[in-house]
**Q** 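Would you mind keeping the following structure in view while I ask a few things?
Keep in mind that this is a model prediction, so the values were computed, not measured. Labels below follow one simple rule: chain letters A, B, ... track the order of the sequence lines, proteins then strands, and each chain is numbered from 1.
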Protein chains: 2
Amino acid sequence: MHHLDEIDIAILKHLQKNGRAQRNKLAKIVNLSVPSVSERMRKLEEKKLIDGYHAVLNAQKFNFDIVAFIFVEVDNSSYHGSFVEKVVLEPEVQECHSITGDGSHILKITTENTVSLEKLLSRIQSWEGVKKTRSNIVLSTFKQTREIPLDHQEKAVEV
Amino acid sequence: MHHLDEIDIAILKHLQKNGRAQRNKLAKIVNLSVPSVSERMRKLEEKKLIDGYHAVLNAQKFNFDIVAFIFVEVDNSSYHGSFVEKVVLEPEVQECHSITGDGSHILKITTENTVSLEKLLSRIQSWEGVKKTRSNIVLSTFKQTREIPLDHQEKAVEV
DNA sequence: GATGAAAATACGCATTG
DNA sequence: CAATGCGTATTTTCATC
């Protein structure tokens with residue numbers, strides 16, 4: 001149980017933007033010694049405040065031209081477990097959430113072209129319990145990040 | 001103009017999973033010297049195949065308990081520019097895409113609680129051109145990644 | 001601050017177009 | 001023979017103790 005201070009917040013804010021930032025650079029920014037920054041990073045990771053560090057690739061350059069959101073209605077609960085298992089194994093499915101409202105689940109998918117999209121859709125539709133899907137294809141993306149606003153966190157976070 | 005080989009793919013696959021992987025570790029994995037790996041990484045970044053490196057934080061631990069997808073109908077084109085400007089400045093909006101189908105845009109948002117959600121929604125609804133919104137709140141997340149499947153890329157990617 | 005690890009640099013060699 | 005890519009050796013930078 002511990003409280004994050006402004007320095008932790010500053011480190012995290014920076015690591016959200018630059019996940020490969022070196023410890024000495026971070027030390028300059030927060031005006032601390034390198035070992036202190038290292039220790040803070042260790043603790044932040046230990047407390048699982050940091051889920052992971054990832055390189056984000058430019059999907060278009062890899063010929064993944066289609067992004068879509070797919071609403072999936074899954075038959076009540078009985079098939080839910082197997083649905084999730086399938087989802088996890090499908091690399092083109094980047095996200096899967098259960099949601100309130102119409103379709104019981106929303107998937108975010110990335111795929112190469114309309115041919116592969118059609119294949120993916122029919123694969124999804126073949127999964128046990130899948131009753132209906134509705135797709136919204138992304139035309140353009142104006143913003144995409146997983147950054148969390150950390151500006152009023154000093155007072156809030158208890159770990 | 002250049003072709004990615006299996007070694008580039010292996011490096012990228014690894015960096016997608018571990019964005020802070022050290023160059024000497026990568027060198028071991030792909031059986032190359034450290035300078036060679038560095039040079040490849042430099043080129044991959046230079047070609048903008050890697051968009052960036054980011055620490056992903058555990059939103060729940062920072063009291064961001066609500067994730068939602070919000071469909072927004074924006075008045076045809078005339079207000080579109082200002083809508084995107086607003087979106088970009090709103091830190092709780094993590095994603096904004098224009099899509100085919102019903103609502104013209106889909107937002108993915110993260111916010112602390114129902115109170116802040118309500119505030120965010122009314123802010124969005126106050127933006128010029130916003131005619132209608134529909135929200136789907138995320139109940140649970142089963143998968144969430146931005147990894148791209150890189151298994152058949154050797155033959156495909158031209159840069 | 002000292003020690004050790006990791007990365008940047010400089011150079012030569014090999015392969016290829 | 002110019003260009004590219006790799007490796008070794010060396011220096012410099014970075015991280016741990």
Side-chain angles (χ1 to χ4, degrees), chain A residues 1-58 60-63 147 150 153 157 159, chain B residues 1-58 61 146-159:
Chain A
M1 186 89 69
H2 181 251
H3 202 95
L4 297 189
D5 63 13
E6 333 76 60
I7 294 178
D8 291 314
I9 299 299
I11 292 172
L12 290 170
K13 282 175 83 166
H14 202 262
L15 285 173
Q16 285 195 113
K17 298 216 182 283
N18 178 8
R20 283 183 78 85
Q22 290 165 316
R23 287 158 161 80
N24 61 350
K25 299 285 189 302
L26 291 167
K28 290 265 184 203
I29 292 170
V30 301
N31 228 5
L32 239 59
S33 71
V34 175
S36 307
V37 170
S38 275
E39 181 64 4
R40 282 170 182 267
M41 282 178 64
R42 197 190 60 70
K43 284 181 181 161
L44 292 168
E45 288 163 11
E46 186 187 61
K47 289 170 192 161
K48 308 282 186 204
L49 295 177
I50 299 176
D51 269 347
Y53 301 92
H54 306 281
V56 175
L57 307 189
N58 183 328
Q60 274 101 38
K61 295 251 169 85
F62 292 88
N63 301 122
E147 272 184 52
L150 292 180
Q153 291 289 329
V157 178
V159 188
Chain B
M1 186 86 72
H2 181 249
H3 203 96
L4 296 189
D5 63 13
E6 333 77 60
I7 294 179
D8 291 313
I9 299 297
I11 291 172
L12 290 170
K13 283 176 83 165
H14 202 262
L15 285 173
Q16 285 196 110
K17 298 216 180 284
N18 178 9
R20 280 184 81 85
Q22 291 166 316
R23 288 162 161 80
N24 58 358
K25 300 286 188 303
L26 291 168
K28 290 264 184 204
I29 292 170
V30 301
N31 227 5
L32 239 58
S33 70
V34 174
S36 303
V37 170
S38 277
E39 181 64 5
R40 281 169 181 266
M41 282 177 64
R42 196 190 62 72
K43 286 180 180 163
L44 292 168
E45 288 163 12
E46 186 188 59
K47 290 172 192 159
K48 309 284 187 201
L49 296 175
I50 300 177
D51 269 346
Y53 302 92
H54 305 281
V56 175
L57 307 189
N58 183 328
K61 294 251 169 86
R146 286 198 58 189
E147 271 184 55
I148 290 172
L150 291 180
D151 288 311
H152 311 90
Q153 292 289 331
E154 304 86 33
K155 41 180 181 267
V157 178
E158 295 285 338
V159 188

**Q** Nearest heavy-atom pair of B/Met41 and B/Leu15: which atoms, and what distance?
**A**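 Nearest pair, atom of B/Met41 first, then B/Leu15: CE-CD1, 4.2 Å.
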**Q** Before giving the answer on side chain to side chain contact (heavy atoms under 4.5 Å, CB included), spell out for A/Arg40 and A/Val30 the whole-Å C-alpha distance, their side-chain angles and the decisive distance to 0.1 Å.
**A** CA-CA 12 Å; A/Arg40 282 170 182 267; A/Val30 301; over 6 Å; no
**Q** Assess whether a salt bridge exists between B/Lys61 and A/Asp51, defined as any Lys/Arg side-chain N lying under 4.0 Å from an Asp/Glu carboxylate O.
**A** no
**Q** Distance check needed: C/dA7 P versus A/Lys25 NZ, whole Å only.
**A**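 Taking NZ of A/Lys25 and P of C/dA7, I get 13 Å after rounding.
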**Q** Could you give the CD-to-P distance, from B/Gln22 to C/dG4, as a whole number of Å?
**A** 18 Å
**Q** Distance from A/Ile7 atom CD1 to A/Ile29 atom CD1, nearest 0.5 Å?
**A** 12.5 Å
**Q** Walk me through whether A/Gln16 and A/Leu150 qualify under side chain to side chain contact (heavy atoms under 4.5 Å, CB included).
**A** CA-CA 10 Å; A/Gln16 285 195 113; A/Leu150 292 180; 3.7 Å; yes
**Q** So, for A/Glu45 and A/Ile50, which heavy atoms are closest and what is the spacing to 0.1 Å?
**A**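 A/Glu45 and A/Ile50 have their closest heavy atoms at CG-CD1, 4.1 Å.
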**Q** Could you tell me the separation between the CG atom of A/Asn24 and the P atom of C/dA5, rounded to a whole number of Å?
**A** 18 Å
**Q** Is there a residue in residues 32-43 of chain A whose heavy atoms reach under 4.0 Å of DNA chain D, and which residues are they?
**A**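 Heavy-atom cutoff 4.0 Å gives A/Val34, A/Pro35, A/Ser38.
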**Q** Please name the pair of heavy atoms, one in B/Arg20 and one in A/Ala21, separated by the smallest distance, quoted to 0.1 Å.
**A** NH1-O, 2.9 Å
**Q** Reading DNA chain D 5' to 3', which nucleotide is the first, and which the last, to come under 4.0 Å of any heavy atom in chain B?
**A**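 Range of nucleotides within reach of chain B: D/dG5 to D/dT8.
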**Q** Looking at A/Arg42 and A/Glu39, does any basic side-chain N land under 4.0 Å from a carboxylate oxygen?
**A**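 Looking at A/Arg42 and A/Glu39, the cut-off is met.
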**Q** Pick the nucleotide of DNA chain D nearest each of B/Arg20 and B/Ile7; which residue has the one closer to the 5' end?
**A**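 The residue mapped nearer the 5' terminus is B/Ile7.
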